[in-house]
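Being a predicted model, the structure only gives us computed values, none of them experimental. One is the number of the first residue; the rest follow in order along the sequence.
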Amino acid sequence: QVQLVESGGGLVQAGGSLRLSCVASGRTSSSFPIGWFRQAPGKEREFVAAIGGSGIMTYYEDSVKGRFTISRDNAKNTVYLQMNSLKPEDTTVYYCAAGAISRLRAGVPDYWGQGTQVTVSS
């Protein structure tokens, strides 16, 4: 089992920045890929970004490329999502998840966190 706990959400004005953190515990490994997803009310959960276990390979959804950066610190079992140039349409709950890269990108990871709310005001 892997437990994932997100933090760092909050309220920010459009154009501002937030950094989300996802701390993993349990059956963890530095080779465990981690991803970020988001889900707005009434919509399906969508893939945002993912990072491989070594931190070298990263993947992004098109609408966040150039604005969001995913990174990891394996010594702290933590994955970060730096979000810059935030827009009101980025407002939603963000979840981190763990699993193989193929499963993350397909939207079917093995483990989910509880989510953290991000609100961007216009």
Heavy-atom closest pair, residues [X] and [Y]:
{"X": "S122", "Y": "A14", "answer": "CA-CB, 4.3 Å"}
{"X": "L104", "Y": "P109", "answer": "CD2-CB, 3.6 Å"}
{"X": "M83", "Y": "V118", "answer": "CE-CG2, 3.8 Å"}
{"X": "Q114", "Y": "E6", "answer": "N-OE1, 3.1 Å"}
{"X": "V93", "Y": "G115", "answer": "CG1-CA, 3.9 Å"}
{"X": "L86", "Y": "L18", "answer": "CD1-N, 3.8 Å"}

Nearest 0.5 angstrom please: [X] [atom1] to [Y] [atom2], how far?
{"X": "N77", "Y": "C22", "atom1": "CG", "atom2": "SG", "result": "10.0 Å"}
{"X": "R67", "Y": "S85", "atom1": "CZ", "atom2": "OG", "result": "7.0 Å"}
{"X": "Q39", "Y": "E46", "atom1": "CD", "atom2": "CD", "result": "9.5 Å"}

Side-chain donor or acceptor of T92 paired with backbone N/O of A40 under 3.5 Å:
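Side chain of T92 to backbone of A40: a pair is present.
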Verdict with supporting geometry, I34 and L4, side chain to side chain contact (heavy atoms under 4.5 Å, CB included)
CA-CA 10 Å; I34 298 286; L4 303 168; 4.2 Å; yes
When you look at W112 and R45, which way does the side chain to side chain contact (heavy atoms under 4.5 Å, CB included) test go after all the steps?
CA-CA 12 Å; W112 290 99; R45 199 168 293 187; 3.1 Å; yes
Assess the residue pair F47 and Y60 against the criterion (side chain to side chain contact (heavy atoms under 4.5 Å, CB included)); give the C-alpha distance rounded to whole Å, side-chain angles, the decisive distance to 0.1 Å, and a yes or no.
CA-CA 8 Å; F47 171 82; Y60 295 94; 5.8 Å; no
Check: N84/S17 side-chain N/O donor and acceptor closer than 3.5 Å
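Yes, because at least one side-chain N or O of N84 sits under 3.5 Å from a partner of the opposite role on S17.
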Determine whether [X] and [Y] make a side-chain contact, defined as any pair of heavy atoms from C-beta on separated by less than 4.5 Å.
{"X": "T91", "Y": "Q117", "answer": "yes"}
{"X": "D110", "Y": "V2", "answer": "no"}
{"X": "V48", "Y": "L81", "answer": "yes"}
{"X": "R72", "Y": "N74", "answer": "yes"}
{"X": "T69", "Y": "Y80", "answer": "no"}

Kindly list each side-chain donor-acceptor pair under 3.5 angstrom involving residues 94-101, sequence neighbours excluded, with atom names and distances?
residue, atom, partner, partner atom, Å
Y94, OH, R38, NH1, 2.9
Y94, OH, D90, O, 2.7

Show your working on side chain to side chain contact (heavy atoms under 4.5 Å, CB included) between V120 and Q13 and close with a plain yes or no.
CA-CA 5 Å; V120 184; Q13 288 188 330; over 6 Å; no
Would a line drawn from the ring center of F68 to the ring center of W36 be shorter than 6.0 Å?
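For F68 and W36, the ring centres are not under 6.0 Å apart.
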Indicate the ring-plane relationship of F32 and Y111, choosing parallel, tilted or perpendicular according to the 30° and 60° boundaries.
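Rings of F32 and Y111: tilted, 30 to 60°.
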Using the rule that Ile, Leu, Val, Met, Phe, Trp and Tyr join whenever any side-chain heavy atoms are under 4.5 Å apart, tell me whether L20 and V12 fall into a single cluster.
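Per the 4.5 Å side-chain linkage, L20 and V12 are co-clustered.
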